[in-house]
There are 2 protein chains.
Amino acid sequence: MSIKSESYKDKKVISIGTVSEITGLSERQIRYYEERNLIFPYRTKKGTRKYSFSDVERLMEIAEMIEEGVQTFEIRKKILKKEKEAVREKMIRGQLNARFGVLRLP
Amino acid sequence: MSIKSESYKDKKVISIGTVSEITGLSERQIRYYEERNLIFPYRTKKGTRKYSFSDVERLMEIAEMIEEGVQTFEIRKKILKKEKEAVREKMIRGQLNARFGVLRLP
DNA sequence: CGTGTAAGGAATTCTGACACG
DNA sequence: CGTGTAAGGAATTCTGACACG
């Protein structure tokens, strides 16, 4: 349920100009954060970047940390940690579902 | 709740080329349906069209009807009818909420 | 390190129009 | 009626680089 409903949130369809407007970040900043492996837009055949709403949210979190003086390297570590946690969460749910049927965790 | 969660679905951030790819419709078709008042993209200051996922869904419904031979004029009437129903629904909910507090209808 | 900017090219989008049927 | 297309212009996006600090 809460996974299916994220279909819109995770679809990479927003181009960089629009992302720039939404987040208030410059295109330069957005591209730089990609260079630093903080964000991973989809690339169309022609090479233009497409972002999801999730990406937009992540960018805003990144922007906050940057303002606080956190370096991109540190931010990257935090992101990796978060992702590992998410994977672990997913696996636990999968195992529970496999044994006891579908259940809904908050 | 079900209203708040539509925030992503209703944000007009997708440009016409991407909408064309998602729906399989040509840009010409998409612009024509706008001319016929079936769809209402947001316009940026510079004049480029931006669509939401809701718009994309509506376009796919329109495409289906067109294939069935329904004319744009008829489609427009159906859309107007649907919108009126939605408004009525919303008002009823609002009145119920006002009198009995928040409740959740399917 | 993080970000601005000018540079040149490629791809996108827009409008109004002609065409077919 | 619904859609394709060529036309010309304006706006977007991309990359690699120089700059500052």
Side-chain angles (χ1 to χ4, degrees), chain A residues 11-80, chain B residues 11-80:
Chain A
K11 282 217 160 111
K12 293 181 185 267
V13 296
I14 316 176
S15 38
I16 195 166
T18 306
V19 172
S20 171
E21 277 189 17
I22 299 175
T23 62
L25 297 169
S26 68
E27 299 186 7
R28 179 71 167 94
Q29 287 174 307
I30 298 170
R31 292 196 191 101
Y32 180 68
Y33 300 152
E34 176 181 357
E35 192 183 315
R36 303 298 300 163
N37 291 303
L38 304 182
I39 192 91
F40 308 95
Y42 166 73
R43 289 293 186 118
T44 66
K45 302 93 205 181
K46 303 294 183 59
T48 68
R49 280 167 260 247
K50 296 295 177 189
Y51 302 83
S52 66
F53 285 111
S54 295
D55 292 331
V56 168
E57 286 185 6
R58 177 179 286 195
L59 280 169
M60 305 194 80
E61 288 172 14
I62 293 170
E64 262 186 66
M65 291 191 266
I66 290 277
E67 276 175 35
E68 289 167 13
V70 185
Q71 295 200 322
T72 55
F73 177 72
E74 295 298 329
I75 298 177
R76 177 138 147 262
K77 288 201 291 187
K78 289 189 187 186
I79 287 175
L80 285 176
Chain B
K11 282 217 161 112
K12 293 181 185 266
V13 296
I14 316 176
S15 38
I16 196 166
T18 305
V19 172
S20 171
E21 276 189 17
I22 299 175
T23 61
L25 297 169
S26 70
E27 299 185 8
R28 180 71 167 94
Q29 288 174 305
I30 298 169
R31 292 195 191 101
Y32 180 67
Y33 300 152
E34 177 182 357
E35 192 183 315
R36 303 298 300 162
N37 292 302
L38 305 183
I39 192 92
F40 308 95
Y42 166 73
R43 290 294 186 118
T44 66
K45 303 92 203 179
K46 303 295 184 59
T48 67
R49 280 168 261 247
K50 296 295 177 190
Y51 302 84
S52 66
F53 285 112
S54 295
D55 292 331
V56 168
E57 285 185 6
R58 176 180 285 194
L59 280 169
M60 304 194 81
E61 287 172 15
I62 292 170
E64 263 187 65
M65 290 191 266
I66 291 277
E67 276 175 34
E68 289 167 13
V70 185
Q71 295 199 322
T72 55
F73 177 72
E74 295 298 328
I75 299 177
R76 177 136 147 264
K77 288 201 291 187
K78 289 188 189 187
I79 287 175
L80 286 176

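Letters go in sequence order (proteins before strands), and every chain restarts at 1.
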Taking the side chain of [X] as heavy atoms from C-beta outward, which of [options] is closest to it?
X: A/Arg31; options: C/dC14, D/dT13, D/dG2; result: D/dT13
X: A/Arg49; options: D/dC14, C/dT12, D/dT3; result: D/dC14
X: B/Ser26; options: D/dG4, C/dT3, D/dT13; result: D/dG4
X: A/Gln71; options: D/dT13, C/dG2, C/dT13; result: C/dG2

Is [X] close enough to [N] that one of its side-chain N or O atoms is under 4.0 Å from OP1 or OP2 there?
X: A/Thr48; N: D/dC14; result: no
X: B/Arg43; N: C/dT15; result: yes
X: B/Lys46; N: D/dT12; result: yes
X: B/Thr72; N: D/dG2; result: yes

Output, in order, the C-alpha distance, side-chain angles, deciding distance and verdict of salt bridge (Lys or Arg N to Asp or Glu O under 4.0 Å) for B/Lys78 and B/Glu61.
CA-CA 11 Å; B/Lys78 289 188 189 187; B/Glu61 287 172 15; over 6 Å; no
Set out, in order, the CA-CA distance, both residues' side-chain angles and the distance that settles salt bridge (Lys or Arg N to Asp or Glu O under 4.0 Å) for B/Glu35 and B/Arg31, then state yes or no.
CA-CA 6 Å; B/Glu35 192 183 315; B/Arg31 292 195 191 101; over 6 Å; no
Round to the nearest Å and state the distance from [X] atom [atom1] to [N] atom [atom2].
X: B/Glu34; N: D/dG2; atom1: CD; atom2: P; result: 15 Å
X: A/Tyr42; N: D/dT13; atom1: OH; atom2: P; result: 16 Å
X: A/Glu27; N: D/dT12; atom1: CD; atom2: P; result: 9 Å
X: B/Ile62; N: D/dG2; atom1: CD1; atom2: P; result: 11 Å
X: B/Ile16; N: D/dT13; atom1: CD1; atom2: C1'; result: 18 Å
X: B/Glu21; N: C/dT13; atom1: CD; atom2: C1'; result: 14 Å
X: B/Lys12; N: C/dT13; atom1: NZ; atom2: C1'; result: 18 Å
X: B/Glu35; N: D/dG4; atom1: CD; atom2: P; result: 14 Å

What is the pairing partner of C/dC20, taking Watson-Crick or G-U wobble pairs with both distances under 3.5 Å in any strand?
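Looking at the geometry, C/dC20 pairs with D/dG2.
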Find the partner of D/dT15: check Watson-Crick (N1-N3 plus N6-O4 or O6-N4) and G-U wobble (N1-O2, O6-N3) distances, both under 3.5 Å, and reply none if neither fits.
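C/dA7 - that is the nucleotide pairing with D/dT15, both distances being under 3.5 Å.
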Does the side chain of A/Lys12 reach to within under 4.5 Å of the side chain of A/Ser52, using non-hydrogen atoms?
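Counting from C-beta outward, A/Lys12 and A/Ser52 do come under 4.5 Å.
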Examine the base of C/dT5 for any acceptor or donor lying under 3.5 Å from a partner atom in the side chain of A/Arg28, and report the outcome as yes or no.
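Such a pair exists between side chain and base.
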How long is the gap from CZ on A/Arg28 to CD1 on A/Ile16, to the nearest 0.5 Å?
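Here the interatomic distance stands at 10.5 Å.
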Mapping B/Thr44 and B/Gln29 onto DNA chain D by nearest heavy atom, which one lands closer to the 5' end?
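The residue mapped nearer the 5' terminus is B/Gln29.
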Please figure out whether A/Gly47 or B/Tyr32 has its closest DNA chain D nucleotide nearer the 5' end.
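Its nucleotide being nearer the 5' end, the pick is B/Tyr32.
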Please walk me through it: do B/Lys45 and A/Glu21 pass salt bridge (Lys or Arg N to Asp or Glu O under 4.0 Å)?
CA-CA 12 Å; B/Lys45 303 92 203 179; A/Glu21 277 189 17; 3.7 Å; yes
Within the side chain of B/Arg49, is there an N or O that forms a donor-acceptor pair under 3.5 Å with the backbone of B/Phe40?
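Not a single qualifying donor-acceptor pair exists.
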